[in-house]
Amino acid sequence: MPDVTNNPGQGGGPSAPRVLFYSHDTFGLGHLRRSRALASAITSADDRISAIILTGSPVAGRFTFPKHVDHIRLPGVTKNPDGSYASEALGLDIDETTELRAGLIKSAAMHFNPDILIVDKEPTGFRGELIPALDWLRNKRKAKLVLGLRDVLDEPDVLAAEWERKGALVAAEKYYDEIWVYGLRSIYDPTAGLDLSPSFRSRMKYTGYLHREELQDGVVPHEEYVLVTPGGGGDGAGMVNLVLSAYEQDPDLQPNAKLVYGPFLSGENRAEFEARVEALNGRVQTTGFDSRIENLIAGARGIVSMGGYNTFCEVLSFDKPAVIVPRTKPRLEQYIRANRAEELGLVRVLDEYRDGLTVDAMIKAIRALPSQPKPSAAFVPGLLDGLDFVSDRALDLLGLRDAQGVA
């Protein structure tokens with residue numbers, strides 16, 4: 001095997017700065033989309049930086065990646081109804097699949113030889129698959145190891161039990177130089193309930209939420225519409241059903257809707273929904289998946305969505321009135337985020353416990369969207385500073401600033 005501990009650039013000079021992302025994806029879009037936004041911001045801050053995203057997302061190939069950013073698709077896994085995992089396509093048992101993924105991750109770390117590793121959400125990765133790479137990087141002592149956490153993980157008691165079971169608490173303390181929380185401490189502390197050392201907490205940095213921008217390519221629609229998005233769609237059938245029922249029950253309901261099902265909505269559900277959409281005579285338009293959903297959000301009068309992290313960032317970034325219908329199973333992450341945002345005046349929540357998930361409640365919420373206050377009406381300092389913070393901090397860690405702090 002060639003020597004991978006010294007990776008000179010062209011002409012024998014020092015290697016260009018490199019950032020490796022581990023995107024914890026077994027299902028859904030959230031982790032990949034967050035890692036992609038972070039990689040774009042960091043590589044845009046200095047064109048000498050290159051980045052690779054390690055991801056198991058089955059739809060990674062349907063996204064475009066920015067200049068200087070690439071991805072490696074890990075063998076996919078899927079979650080069974082009983083909560084266990086299986087190989088998505090290879091016919092291997094889950095232990096073999098995890099071992100294969102762990103080997104690929106470590107090999108990528110050795111050959112790419114990053115200056116920074118940014119790990120999304122899971123300190124040890126899926127079923128501990130990240131540990132061999134973490135050990136190699138830690139022993140090599142070149143890369144700064146960063147754990148990135150979204151603003152809300154789960155209920156404190158549930159999270160504490162989960163991290164204890166996975167060995168995540170020990171790994172977080174042992175491996176990581178810094179912990180970046182992609183939110184604000186004044187809104188929520190995702191580590192509440194964890195028995196973390198003062199040293200760990202001193203390494204935590206709250207970045208603010210991750211700002212999103214309208215894409216340069218593609219078209220922003222100009223007609224009046226509400227955008228309906230259940231994110232990846234795998235658990236969004238209930239919300240989609242409620243929205244369609246609202247348009248069916250109220251023939252005068254306005255604005256009309258554009259519905260993005262998400263790539264993980266089951267084919268059976270989608271076929272049933274499409275038959276209902278056809279009967280609405282154009283009042284609801286649908287598409288399965290749009291990798292440029294930012295443009296649809298930019299043109300919308302308002303948003304009806306579930307409460308995932310990325311959608312919340314987009315609602316804030318494009319300053320759109322939003323009705324959030326958060327899921328409550330298998331974890332309360334979306335419910336906690338949505339209700340805290342409503343307390344601050346950022347969104348409106350359709351709360352199944354408080355409001356009931358009724359058709360009448362959805363009709364009223366859609367009708368009210370055009371006159372609902374925008375998130376910017378609730379001034380929250382530093383709310384959308386996340387990408388600026390992350391790119392600035394990455395430049396510092398990479399030593400790409402001069403004595404005056406200029407990149």
What I'd like to find out is whether the side chain of Leu104 reaches to under 4.5 Å of the side chain of Leu54, using heavy atoms alone. no

How many angstroms lie between OH in Tyr188 and CG in Leu153, if you round to the nearest 0.5 Å? 8.5 Å

In Å and rounded to the nearest 0.5 Å, what is the OH to CG distance from Tyr309 to Leu149? 10.5 Å

NZ/NE/NH1/NH2 to OD/OE distance under 4.0 Å, Asp120 and Arg34: yes

Looking at Arg36, is its backbone amide N or carbonyl O close enough to the side chain of Ser40 to form a donor-acceptor pair, meaning the two atoms are under 3.5 Å apart? no

How long is the straight-line distance from CD1 of Ile105 back to CG of Leu134, given to the nearest 0.5 Å? 9.0 Å

Atom NZ of Lys166: over 12 foreign heavy atoms under 6.0 Å: yes

Measure the shortest side-chain to side-chain distance between Val284 and Val243 over non-hydrogen atoms and say whether it is less than 4.5 angstrom. no

Any side-chain donor-acceptor pair under 3.5 Å between Asp189 and Thr191? yes

Test applied, side-chain contact (heavy atoms from CB on, under 4.5 Å); reference residue, Thr286; option that passes from Val228, Leu259, Val260, Leu280: Leu259

Give the intermediate values and the outcome of side-chain contact (heavy atoms from CB on, under 4.5 Å) for residues Val323 and Ile366. CA-CA 8 Å; Val323 174; Ile366 293 173; over 6 Å; no

Nearest 0.5 Å, please: how far is CD in Glu129 from CZ in Arg101? 4.0 Å

Minimum-distance pair of heavy atoms, taken over all atoms of Thr97 and Gly76: CG2-O, 4.3 Å

Arg150 to Tyr182, cation-pi by 6.0 Å centre distance and 45° axis angle: no

Dump the intermediate steps for ring pair (Phe, Tyr, Trp, His ring centres under 6.0 Å) on Tyr335 and Tyr353, then the final yes or no. CA-CA 11 Å; Tyr335 185 82; Tyr353 304 114; 5.5 Å; yes

I'd like to know if the side chain of Glu272 reaches the main chain of Asn269, judged simply by a donor and an acceptor atom lying under 3.5 Å from each other, with no hydrogens or angles considered. no

So does Glu173 pair up with Arg203, basic N to acidic O under 4.0 Å? yes

At their closest point, which heavy atom of Leu296 faces which heavy atom of Lys258, and how far apart are they? CD2-CD, 4.3 Å

Does Glu223 have more than 12 heavy atoms from other residues, nucleotides or ligands lying within 6.0 Å of its CD? yes

Derivation of the salt bridge (charged side-chain N to carboxylate O under 4.0 Å, His left out) call for Glu99 and Arg127: CA-CA 10 Å; Glu99 186 175 356; Arg127 302 182 84 243; over 6 Å; no

Is there side-chain contact between Val146 and Val119, with heavy atoms separated by less than 4.5 Å? no

Tell me, with the steps shown, if Glu162 and Arg165 meet salt bridge (charged side-chain N to carboxylate O under 4.0 Å, His left out). CA-CA 5 Å; Glu162 178 184 336; Arg165 184 178 71 253; 5.1 Å; no

Determine whether Ile303 and Ile297 satisfy the following criterion, side-chain contact (heavy atoms from CB on, under 4.5 Å), listing intermediate values before the conclusion. CA-CA 7 Å; Ile303 311 294; Ile297 294 172; 4.1 Å; yes

Smallest heavy-atom separation, Pro190 atom then Val181 atom, equals CG-CG1, 3.6 Å

Rounded to the nearest 0.5 Å, what separation is found between the CG atom of Asp392 and the CG atom of Leu400? 12.0 Å

Between Asp115 and Lys144, does at least one N-O distance fall below 4.0 Å, as a salt bridge requires? no

Please report the interatomic distance CD(Glu342) to CZ(Arg337), rounded to the nearest 0.5 Å. 15.0 Å

I'd like to know if Arg367 pairs up with Asp252 as an ion pair, taking the criterion as any Lys NZ or Arg NE/NH1/NH2 lying under 4.0 Å from an Asp or Glu carboxylate oxygen. no

What do you reckon, is CG of Asp157 surrounded by more than 12 foreign heavy atoms closer than 6.0 Å? no

Yes or no on salt bridge (charged side-chain N to carboxylate O under 4.0 Å, His left out) for Arg393 and Glu178, after CA distance, side-chain angles and deciding distance? CA-CA 11 Å; Arg393 186 62 189 146; Glu178 294 189 1; 2.4 Å; yes

Work out which heavy atom in Ala300 is nearest to a heavy atom in Tyr225; give both atom names and the distance. N-OH, 3.3 Å

Does Asp319 reach the main-chain N or O of Ser376 with its side chain, forming a donor-acceptor pair under 3.5 Å? yes

Show your working on side-chain contact (heavy atoms from CB on, under 4.5 Å) between Leu344 and Ile187 and close with a plain yes or no. CA-CA 9 Å; Leu344 294 168; Ile187 293 180; 3.6 Å; yes

Say whether Arg18 and Ser50, considering side chains only, have a donor N or O and an acceptor N or O under 3.5 Å apart. no

Are more than 12 heavy atoms from other residues, nucleotides or ligands located less than 6.0 Å from atom CD of Glu164? no

Verdict with supporting geometry, Arg301 and Glu224, salt bridge (charged side-chain N to carboxylate O under 4.0 Å, His left out): CA-CA 7 Å; Arg301 288 295 304 275; Glu224 293 271 312; 2.4 Å; yes

When every non-hydrogen atom of Leu147 is compared with those of Tyr176, the smallest separation belongs to N-CD2, 3.4 Å

Given side-chain contact (heavy atoms from CB on, under 4.5 Å), test Thr43 with Asp47 step by step and report yes or no. CA-CA 6 Å; Thr43 55; Asp47 62 11; over 6 Å; no

Close side-chain approach of Asp70 to Ile53, heavy-atom, < 4.5 Å: no

Smallest heavy-atom separation, Trp136 atom then Ala109 atom, equals CZ3-O, 3.7 Å

